[in-house]
Colleague: 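Handing you a structure now.
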Amino acid sequence: VQVATSMSDGSVLLWEGGRHRGRSLANASSPAVVDMKFIPQGDILIATRADGVGVVWCTRTRRMLRELRDEPALVHDLQVFPDGERVLTLRSDMRVVIWNITTGQVLLAISLQGVCDQHHVARALSGGRAFVTGVSDIDGDPVFIWNASDGTPL
């Protein structure tokens, strides 16, 4: 089992079987990591940093493959779609952005302004054709379901 931990100095360490696997993925001068997710199909780790940039790493080689750059905004939530090819970010500017992990291209960006006064969680739904946003994971809070291809409400 692989585990990644982020340190307060901006470094990201990889662990396997309770042991540190060598050098970190990010150096100590990197902005702090806010969230991280492994891609189930392979040795890929995606992280979002405090500067709003997403980073895609190969955990086998410990090399950064690409950055996911958009308008600067803190990422509240990071989710990988079941296909392992797309990642969804929910940002502090109330935008949801869907990225192609391989190319780093933005596939979809929608604003949630006016839909609800706050969104803090986003989840890719089974099959990857839709995603849900909401205030929290608590029962009773409103959720909104969106088409993952064009961003229209479902």
Colleague: To check you understand the geometry: which heavy-atom pair defines the closest contact between I39 and G84, and what is its length?
Modeller: CG2-O, 3.6 Å
Colleague: Verify side-chain contact (heavy atoms from CB on, under 4.5 Å) between R49 and E67, making sure each step is shown before the conclusion.
Modeller: CA-CA 10 Å; R49 301 187 315 212; E67 290 185 339; 3.6 Å; yes
Colleague: Applying side-chain contact (heavy atoms from CB on, under 4.5 Å) to T133 and V96, what does each step give before you reach the verdict?
Modeller: CA-CA 9 Å; T133 62; V96 171; 3.9 Å; yes
Colleague: Under 3.5 Å, side chain of K37 to main-chain N/O of L78, donor-acceptor pair present?
Modeller: yes
Colleague: Going only through I, L, V, M, F, W and Y residues with side-chain contacts under 4.5 Å, is there a path from L88 to V56?
Modeller: no
Colleague: Search all heavy atoms of A148 against all heavy atoms of G128 and return the closest pair with its distance.
Modeller: CB-O, 3.5 Å
Colleague: Check whether R129 reaches the backbone of S149 with its side chain - one donor and one acceptor, N or O, closer than 3.5 Å.
Modeller: no
Colleague: Is there a side-chain contact between T89 and I98 (heavy atoms, below 4.5 Å)?
Modeller: no
Colleague: Under a 4.5 Å cut-off applied to non-hydrogen side-chain atoms, are L90 and L112 in contact?
Modeller: yes
Colleague: Which pair of heavy atoms, one from G127 and one from P82, lies closest together, and at what distance?
Modeller: N-CG, 4.0 Å
Colleague: Taking the side chain as C-beta and beyond, is there a heavy-atom pair between F131 and L108 under 4.5 Å?
Modeller: yes
Colleague: Going by salt bridge (Lys or Arg N to Asp or Glu O under 4.0 Å), name the pairs with one or both residues in residues 92-105, residues two or more places apart or in two chains.
Modeller: D70-R95, D93-R95
Colleague: Please evaluate residues I46 and D35 with respect to the criterion side-chain contact (heavy atoms from CB on, under 4.5 Å), reporting the C-alpha separation (whole Å), side-chain torsions for both, the decisive distance (0.1 Å), and the verdict.
Modeller: CA-CA 8 Å; I46 299 188; D35 198 359; over 6 Å; no
Colleague: Is there a path of hydrophobic side-chain contacts, each under 4.5 Å between heavy atoms of I/L/V/M/F/W/Y residues, joining M64 to F38?
Modeller: yes
Colleague: Does the side chain of T152 come under 3.5 Å of the side chain of W146 through a donor N or O and an acceptor N or O?
Modeller: no
Colleague: If Ile, Leu, Val, Met, Phe, Trp and Tyr residues are connected whenever their side-chain heavy atoms lie under 4.5 Å apart, and connections chain through other members, are V106 and F81 in the same group?
Modeller: no
Colleague: Report yes if some heavy atom in the side chain of M7 is under 4.5 Å from a heavy atom in the side chain of V12; otherwise report no.
Modeller: no
Colleague: Cluster question for you: counting only ILVMFWY and a side-chain heavy-atom cut-off of under 4.5 Å, with indirect links fine, are V87 and L74 together?
Modeller: no
Colleague: Answer yes if V80 and I44 sit in the same cluster of Ile, Leu, Val, Met, Phe, Trp and Tyr residues linked by side chain heavy atoms under 4.5 Å apart, and no otherwise.
Modeller: yes
Colleague: Using a strict 4.0 Å threshold on nitrogen-to-oxygen distance, state whether R91 and D77 make a salt bridge.
Modeller: no
Colleague: Could you check L68 against V53 for side-chain contact (heavy atoms from CB on, under 4.5 Å), going step by step and ending with a plain yes or no?
Modeller: CA-CA 6 Å; L68 307 176; V53 174; 5.9 Å; no
Colleague: Please report the closest heavy-atom contact between R66 and G104, naming both atoms and the distance.
Modeller: CD-N, 3.6 Å
Colleague: If I take atom CH2 from residue W57 and atom CZ from residue R62, how far apart are they, to the nearest 0.5 angstrom?
Modeller: 12.5 Å
Colleague: If you define the side chain from C-beta out and look only at heavy atoms, does anything of V75 sit under 4.5 Å from V34?
Modeller: no
Colleague: What I'd like to find out is whether the side chain of I101 reaches to under 4.5 Å of the side chain of R86, using heavy atoms alone.
Modeller: no
